[in-house]
Amino acid sequence: MRTIARAVPPRPVLIAAVALTTAAGSLLLSPRVAGADPRPATREGSAPDRRAARAPAAAARRALTATVPRADPHLGYPRRQVLSPDPANPADTSRKLGLTPYDALAPRLNALQRLGDRVSVEVAGVSAGGHRLYLVTVTAPETADQATAQERMRELIENAPATAAKSPEIKAGYKTPVLFDNNIHGDEREGTDASLDLISQLATANDTATKDLLAHSRLYFNLTANPDGRIAGTRANANGFDLNRDLITASQPETRAIRALTIDKQPAVLLDLHGYVNGTLIEPTTPPHGENYEYDLFLKNTYANALGMESAVNGLGYTPAKDGVEPVHIPFRDQAEGWDDWPPVFTPQYAAFQGAVAAHTVEIPLQVNNAAYDTLPTTELRRRSAINVAVAGAAMRATLDFARSHRTSLIADQIEMFRRGAAGAEQVPVSARTVPGVPGIGPEDVYTTEFPRAYTIAADTAGARLVAHLIANDVRVLRAATGPYVIDMRQPKRGLANALLADGRDISDKVTAMYDISAWSLGRLWGATVEAVTTLPGTALDAVTAPSPTARVAPHGDLRLRLTDPAEFAALNSLLRQGIPVRRAADGSAIVPESARAKATEVAGEYDVALDAAPLTGTTTTALHPVRVAAAVTAGELFALREMGFDVTPVSTDILNAGFDWSKADVLFVSAGLDHGDLTPAARTALGTFLTTGHGLVGRGVTGAALGSAAGLLTATPVEGDEEANGVVRVVNSGPVTLGAPAYGFVYAPVWFTGLGPGVRVEQSYATGNPLVAGHWRPLDDGTGGPAAAAGRPSVISGPHAVLFGTEPLFRDHPKGELPQVGRALFTMAHTYDGTRAMAHASSGSVEESR
């Protein structure tokens, strides 16, 4: 338990006095003068965002194809451009708060560039909803030669840190990069307005401190990371994604833009502006701390800057009695657990792997979103917003003071972080000796890991996708002329490489609660064959800048598409949309006729998949047709389905009650937002008719299982474990739906099935023993619901008219290797009416389970 520095009661977990708010995912301190609803909000999907469920397919296509423009780093500053105006939008929800609407940003930025030679504006990308993402740079002017010198020093810091540590040029002349990330949650807007005010001040100030700051720093402002949400008043972007959960997966263009900024600009300091925590939460965090960080360097700087921000924010003079604003809260100092930095899905935690040695989430104090936005008078909302802008501004100015006064040590620590990785040096455990000046460090703060010498990745479709992702994250990849890819762990960003590829750790016994996911291993969940090895291969290895294509098409005869990778489903759906007569083999693979070789070759190249020679004649096949999916799902699941090329129409209880045309669907997928008991009699009859005339159900979790039971599609009892449990689990695949799936799955609120009736097949089970590989999964208070209770139990089951998942194979579009299970289930259930039985029962009889 930490020593509490001020009058805040000790609290072992987020409960009454300190709680997470449903809408903002933020922590509150009692008394809550202007707080939010004290309910946990740590995951996507517990209450589906109906606005996200209406996300158009165009937003998914834009997100899947959007690229991030990269500016020439050798261009001098300022880099001016005149931004074309956006149409005025009276519906922009920022207006009610007295904040800057999105359509006012371009004119404001044009005006700021005209104030002098310190402000530059670039378009850093386009959101899922089609809005420009603005990067503002504030620095003293640089010639092209000076900018080239800065880039050379930046590259030396990362690529030759031992040399950089001795460079007098870097010590004297390198400009400290500082990044302010604003409005990543669309309804937490004030950071944008505080940034505009700060940029305006910096553009014209002539005091000595400002001139010194800009001569020795580059200040970057990601002005609004989520313009879609800013306009609509939603936490999520146009695809329904919480972007501050997407940094590891980077499925959305906005997060890819943030990733590019942290790589290209290599900030030593980062602030991510959020809301709402009364009063003002400033990281560093509680345990558990990410085990792959150089945490001693990170904690030293992050804690020191937090103290400066605390002083600045409290110095504004706001009080609980007068303004409803509580004093600043620093979780590392003031709280035992519940606000951790374990998963690198958040912007500051991700930035720590890209060179940020001081990185913070800052949660400004007064709630103005959700229920407050809808119910409070406009005058009160604007009062709160003005205070929030002032608080954000104080935190930002304090950070600039910190960056200016600690410039030399910040860059030295960034260099040391990269040096340790490149040299394969051991991590330095935090302690009072190794991190002097930070009080209260205890054994609960010590998290380190053992890095393998290297990882290898098999060179197939899944491996190529993973390698491309690693390279996009600035992880170095090697390969001989043939053979697997190699990730040499003696590289500057070894922490990120290991965070992406390692299994992770079972931390169930470390804390009672986690803020968000506790495991995310790409090595286990992305479908690639990844192995940790103790030595490098003996052959010469060359740097890889892009994975080698894996597309191939057999030269003769019919072609076989295995359907064990999401790219293969995208290829199949493309062929079917083009009218190619594809057939399904008894093993679940797709058979493409030789006559369609030209189209198959095009699709193989587009999706980088292999079509091998089909088995010889005699194989039983059935015709396939395009599958239209009606889906009551989370935003991440909707996006994953569209990524696999399915034609998806979102549905919900309300949509069905309004009268849904079931002729537009072939199969129903349900995981959230559809309650059979809340349907009108007419809607229930229409749904029953759809499901009893050969159109099957794919369900996930207790919601999907409940619908299957209510519709009488199969007999099984779902058992839900701890609803906050999540992680990577071992599974045993035993049925055609899971054919070729990895031996690992992802769970959140894990479900298993008992009481299986006749005709129910076990497709997959949790492994015996302790199925949890990495994550946080504890039994409930009564001893039930833990991993031991799930061990050996069915996790995926099927019947002639339904497939039910107790795992989360589409979670936030992350576990790429799990997606094909859902693809197979959808094709199985969509084709129950063409005279065949479900794929899960095509080749053998049913299996009953009596436990």
Side-chain angles (χ1 to χ4, degrees), residues 64-65 249-251 455-473 475 477-487 500-501 521-531 544-555 559-576 580 582 584-585 587-592 596-597 599-614 640-646 733 737-745 809-810 813-824 826-827:
L64 289 166
T65 59
T249 312
S251 65
Y455 288 96
T456 61
I457 302 174
D460 54 16
T461 295
R465 176 176 52 247
L466 180 52
V467 165
H469 192 69
L470 292 171
I471 293 171
N473 280 279
V475 172
V477 181
L478 306 172
R479 192 185 183 193
T482 59
Y485 297 97
V486 177
I487 314 301
L500 293 172
L501 295 174
S521 172
L522 277 63
R524 296 302 189 191
L525 297 177
W526 274 42
T529 302
V530 179
E531 295 182 6
V544 173
T545 58
S548 300
T550 62
R552 65 177 184 273
V553 177
L559 305 169
R560 177 175 179 260
L561 192 59
R562 294 179 61 238
L563 300 184
T564 56
D565 188 273
E568 292 168 344
F569 273 95
L572 169 61
N573 282 320
S574 176
L575 290 169
L576 292 174
I580 304 301
V582 183
R584 184 182 64 203
D587 66 357
S589 62
I591 307 301
V592 181
R597 180 175 305 280
K599 286 291 185 184
T601 301
E602 291 178 9
V603 167
E606 180 178 358
Y607 296 100
D608 197 29
V609 297
L611 285 88
D612 296 316
L641 292 173
R642 286 172 169 165
E643 185 178 2
M644 287 192 288
F646 286 101
N733 298 309
V737 165
T738 59
L739 182 68
Y744 300 88
L810 305 183
D813 190 40
H814 177 72
K816 304 295 186 182
E818 314 300 309
L819 269 62
Q821 299 174 50
V822 175
R824 283 173 172 260
L826 291 171
F827 268 96

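Each residue takes its place number in the sequence, starting with 1.
When all heavy atoms are compared, the tightest approach of Gly527 to Pro742 is CA-CG, 4.2 Å. Closest approach of Thr564 and Leu739 over heavy atoms only: CG2-O, 3.8 Å. Contact record, Ala551 with Asp608: N-OD1, 2.9 Å, taken as the closest heavy-atom pair. Here the closest non-hydrogen pair linking Gly483 and Ala459 is O-CB, 4.1 Å. Closest heavy-atom contact between Val544 and Leu478: CG2-C, 3.8 Å. Of all the heavy atoms in Trp526 and His814, the pair that sits closest is NE1-O, 2.8 Å.
Here CG of Leu561 is found 8.0 Å from OG of Ser589. Values are rounded to the nearest 0.5 Å. Atoms CZ and OG1, from Arg597 and Thr601 in turn, are 6.5 Å apart once rounded to the nearest 0.5 Å. To the nearest 0.5 Å, atom CD1 of residue Ile580 and atom NZ of residue Lys599 are 6.5 Å apart.
Residues that satisfy the ring-ring contact (aromatic ring centres under 6.0 Å, His included) test with Tyr485, not counting sequence neighbours, are absent from this structure.
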### Message
Before you tell me yes or no, could you show the steps for Arg465 and Asp460 under salt bridge (charged side-chain N to carboxylate O under 4.0 Å, His left out), namely the whole-Å CA-CA distance, both residues' side-chain angles and the distance that decides it to 0.1 Å?
### Response
CA-CA 9 Å; Arg465 176 176 52 247; Asp460 54 16; over 6 Å; no

### Query
For Leu810 and Glu818, what are the C-alpha separation, side-chain angles and deciding distance, and is it a side chain to side chain contact (heavy atoms under 4.5 Å, CB included)?
CA-CA 7 Å; Leu810 305 183; Glu818 314 300 309; over 6 Å; no

### Task
Show your working on side chain to side chain contact (heavy atoms under 4.5 Å, CB included) between Leu522 and Leu466 and close with a plain yes or no.
CA-CA 8 Å; Leu522 277 63; Leu466 180 52; 3.7 Å; yes

### Task
Give the intermediate values and the outcome of side-chain hydrogen bond (donor to acceptor under 3.5 Å, both in side chains) for residues Asp565 and Thr461.
CA-CA 8 Å; Asp565 188 273; Thr461 295; 5.7 Å; no

### Query
Should Leu470 and Leu500 be marked as a side chain to side chain contact (heavy atoms under 4.5 Å, CB included) after you check the CA-CA gap, both sets of side-chain angles, and the distance that decides it?
CA-CA 8 Å; Leu470 292 171; Leu500 293 172; 3.5 Å; yes

### Criterion side chain to side chain contact (heavy atoms under 4.5 Å, CB included) on Thr738 and Arg824, from CA distance to verdict
CA-CA 8 Å; Thr738 59; Arg824 283 173 172 260; over 6 Å; no

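No donor-acceptor distance shorter than 3.5 angstrom exists from the side chain of Thr249 to the backbone of Ser251, with no hydrogens or angles considered.
By the 4.5 Å heavy-atom criterion applied to side chains, Val592 and Leu575 are counted as neighbours. Counting only heavy atoms from C-beta outward, the side chains of Leu819 and Met644 approach each other to under 4.5 Å. Ile457 has its side chain within reach of Ile487: a pair of non-hydrogen atoms, C-beta onward, lies under 4.5 Å apart. The closest side-chain heavy-atom distance from Ser548 to Arg479 is below 4.5 Å. Residues Pro820 and Pro566 form a side-chain contact, since some pair of their non-hydrogen atoms from C-beta on lies under 4.5 Å apart. Counting heavy atoms from C-beta outward, Ile471 and Thr545 have side chains that stay 4.5 Å or more apart. Between Val582 and Ile591 the shortest side-chain heavy-atom distance does not fall below 4.5 Å.
Proximity of the aromatic rings of Phe827 and Phe646 is defined here by a centroid distance below 6.0 angstrom, and this criterion is met.
Classification of Asp612 and Arg562 as a salt-bridged pair fails, no side-chain N sitting under 4.0 Å from a carboxylate O. Comment: Glu643 engages Lys816 in a salt bridge, judged by a side-chain N to carboxylate O separation of less than 4.0 angstrom. Using a 4.0 Å cut-off between charged nitrogen and carboxylate oxygen, Arg642 and Asp813 do not count as a salt-bridge pair.
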